[in-house]
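Let me begin by presenting the structure, written as structure tokens, before commenting on it.
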Amino acid sequence: MSDTVYAVTDPATGEVLRRFPTITDDELRAAIATADRAHAEDASTVAERAARLHRVAELYRERREDLAATIVREMAKPIDQALGEVDFCADIHDFQADHAEEFLADQPIALAPGSTGSAFIRKDSVGVLLGIMPWNFPAYQIARFAGPALLVGNTVLLKHAPQCPESALAIEGIFHEAGFPTGSYANVFATNDQVADVIADPRVQGVSLTGSARAGAAVAEIAGRNLTKVVLELGGSDPFILLSTDDLDAVVASAVATRLEGNGQVCNAAKRFLVVDDLYDAFLTKFAAAMSAVTSSDPSTPGAELGPLSSPAAADRLQEQLDAARAQGATVVTGGDRHGNAFAPTVLTDVTPDNDAYREEFFGPVAVVHRVADEDDAVRLANDTPFGLGSYLFTTDQEQALRVADRIEAGMVYVNIVGADSPELPFGGVKASGFGRELGALGADEFVNKKLIRIG
């Protein structure tokens, strides 16, 4: 087995605060069997499952302070953002529960002319699902996957990131307390080798992973060999395109907010800022000043905007990327300094296609700013990336907004707004950012048997 270690480690110092044992092979086999049996024996109605999910939302709200404090302790997210994450989870669960009957209703099919009888699609569960979750949203990612899965009647095995064991156990406890039967939701502290065995188990019908492109490719390869459905939400290097504005200060504020959220460790945050020529100089001046005005502080303190990166390893990786970017010709306009595992907000320019930084994802408070000549140049540069998760477009021209949105190769386009994720809006990407959708009606439709029933 691989040496996966589940532990709470102080992101600022690297000190291990608490360790948790990994699951044994026998315990894991028993967890799969229990989940499979729970699915087979589940006779609950959609309404009953929705009521349980509403109770999950209530428990999130009741325990928001403790859940948020755990998130800060495990991965150093600023406390105000951690509280917002917990609140968002509760809203997601309530939304899914409110719309459960609608999302799972039979869908009539209009038969071809001359046909007799009727036909419809009936949605049903598929069985045991495995969720592989990341550290950057210890609660939110689980809500996106587990809520809809359980509403349908599937059962869930949840393998969390090794640095988030306390969040994993707290959330498992909430689902149990809310009334989901034994085996419906089980946390498993599994190694990567054990995860491969779970995916290969014929009782496991689907796997959802949020993580790196490398992890996604590895999971998809195993899933493909075993004909197991997979949903992947992977990395992103989202463009932030500025073509026109009547309020540059507001645009700059949005740019800073999206780049620094989660200490710069958010998959669908804007990371590349593509600014039309006549606004470039003013934007760069204001953006660099606004970024440099934010300083790292204790993330557990209310009002903190920026904390250290999630781990010493994450900080070392970002340092390597910055060093390489500089060596290959990038200009550091502001920032670039590291203090322990925290980085000053950093703005880079002069990142050319022969620089590794041109196509890499910076998972930390680093922004790359490019000058573009016009709309066509902006679209070309926006799409010149392996990724295709989200994108942001700022323009005062409504026709241009829709025209450019159609041309951007991404799963999501936000026009004149950032931070607008919401329970009803589907989330997901294309290209190396993965496939499948979470949240909204589309998220509730992923791990479902859409069974045709044709009556003569």
Side-chain angles (χ1 to χ4, degrees), residues 11-12 76-78 80-81 136 236-242 245 247-276 279-299 301 303-310 314-315 317-326 329-351 355 357-358 360-372 378 381-382 390-394 414 416-419:
K77 180 171 293 186
D80 296 343
Q81 296 178 31
N136 60 337
S237 189
D238 293 6
F240 182 111
I241 302 171
L242 173 56
T245 181
D247 190 346
L248 185 58
D249 288 340
V251 173
V252 168
S254 293
V256 173
T258 181
R259 183 67 288 249
L260 297 186
E261 181 189 359
N263 304 325
Q265 301 166 120
V266 176
C267 297
N268 65 316
K271 300 183 177 79
R272 299 177 297 134
F273 297 80
L274 320 181
V275 184
V276 73
L279 291 172
Y280 177 86
D281 291 333
F283 174 85
L284 180 60
T285 299
K286 289 176 177 288
F287 183 50
M291 288 279 279
S292 63
V294 179
T295 57
S296 180
S297 60
D298 180 354
T301 303
E305 298 178 79
L306 185 69
L309 295 197
S310 61
R317 169 61 179 153
L318 188 65
Q319 185 69 65
E320 292 172 1
Q321 288 181 289
L322 281 172
D323 291 345
R326 286 192 189 99
T331 298
V332 179
V333 178
T334 188
D337 302 323
R338 176 179 177 179
H339 304 282
N341 294 324
F343 285 79
T346 301
V347 176
L348 303 179
T349 59
D350 302 317
V351 174
N355 193 317
Y358 185 84
E360 284 183 336
E361 176 184 19
F362 282 101
F363 223 52
V366 178
V368 178
V369 183
H370 297 273
R371 185 193 299 266
V372 294
L381 188 53
S391 56
Y392 304 87
L393 169 64
F394 283 76
Y414 289 89
N416 295 329
I417 194 169
V418 301

Next item on the list: To the nearest 0.5 Å, tell me how far Phe363 CZ sits from Cys267 SG.
Entry: 4.5 Å

Margin query: Evaluate Asn268 against Tyr392 for side-chain contact (heavy atoms from CB on, under 4.5 Å), listing each step before the verdict.
Written below: CA-CA 10 Å; Asn268 65 316; Tyr392 304 87; 4.0 Å; yes

Note to self: My understanding is that only one of Phe287, Phe273, Tyr414 makes a ring-ring contact (aromatic ring centres under 6.0 Å, His included) with Phe240; could you say which?
What the structure shows: Phe273

Notebook entry, point to check: Out of curiosity, Leu309 CG to Asn136 CG, how far, rounded to the nearest 0.5 Å?
Noted result: 12.0 Å

Note to self: Between Thr346 and Leu322, is there a side-chain heavy-atom distance shorter than 4.5 Å?
What the structure shows: yes

Checklist line | Member of Asp350, Asp281, Leu381, Leu284 meeting the side-chain contact (heavy atoms from CB on, under 4.5 Å) criterion with Arg371 | finding: Asp281

Notebook entry, point to check: With distance as the sole test, does Asn341 use its side chain to make a donor-acceptor pair with the main-chain N or O of Pro308 at under 3.5 Å?
Noted result: no

Notebook entry, point to check: Is there a side-chain contact between Pro365 and Leu318 (heavy atoms, below 4.5 Å)?
Noted result: yes

Notebook entry, point to check: Is the closest side-chain heavy-atom distance between Val332 and Leu348 below 4.5 Å?
Noted result: yes

Check: If only atom types and distance count, is the side chain of Thr331 paired as donor or acceptor with the main-chain N or O of Val333 below 3.5 Å?
Finding: no

Item checked: Ionic contact status for Lys271 with Glu360, cut-off 4.0 Å -> no

Next item on the list: Rounded to the nearest 0.5 Å, what's the gap from CG on Asp80 to OG1 on Thr301? Could you check?
Entry: 9.5 Å

Next item on the list: Please round to the nearest 0.5 Å and tell me the distance separating atom OG of Ser296 and atom CG of Asn263.
Entry: 7.0 Å

Margin query: Would you compute the distance between atom CG of Leu279 and atom CG of Leu248 and round it to the nearest 0.5 angstrom?
Written below: 6.5 Å

Item checked: Trace of the salt bridge (Lys or Arg N to Asp or Glu O under 4.0 Å) decision for Arg272 with Asp238 -> CA-CA 6 Å; Arg272 299 177 297 134; Asp238 293 6; over 6 Å; no

Checklist line | Backbone of Ala255 reached by a side-chain donor or acceptor of Thr258 within 3.5 Å | finding: no

Check: Considering only heavy atoms from C-beta outward, does the side chain of Ile241 approach that of Phe394 to under 4.5 Å?
Finding: no

Check: Is there side-chain contact between Val351 and His370, with at least one heavy-atom pair below 4.5 Å?
Finding: yes

Next item on the list: To the nearest 0.5 angstrom, please state how far the CD atom of Gln265 sits from the CZ atom of Phe362.
Entry: 14.0 Å

Check: Under the 3.5 angstrom rule, does the side chain of Arg326 hit a backbone N or O of Gly336 as a donor-acceptor pair?
Finding: yes

Note to self: Any side-chain to backbone donor/acceptor pair from Glu305 onto Ser297? Under 3.5 Å, distance only.
What the structure shows: no

Note to self: Quiz question: by atom type and distance under 3.5 Å, do the side chains of Gln81 and Glu261 form a donor-acceptor pair?
What the structure shows: no

Check: Can you name the closest pair of heavy atoms from Ala325 and Asn355 and give their distance?
Finding: O-ND2, 3.1 Å

Notebook entry, point to check: Are Tyr280 and Val369 side-chain neighbours, meaning at least one heavy-atom pair lies under 4.5 Å?
Noted result: yes

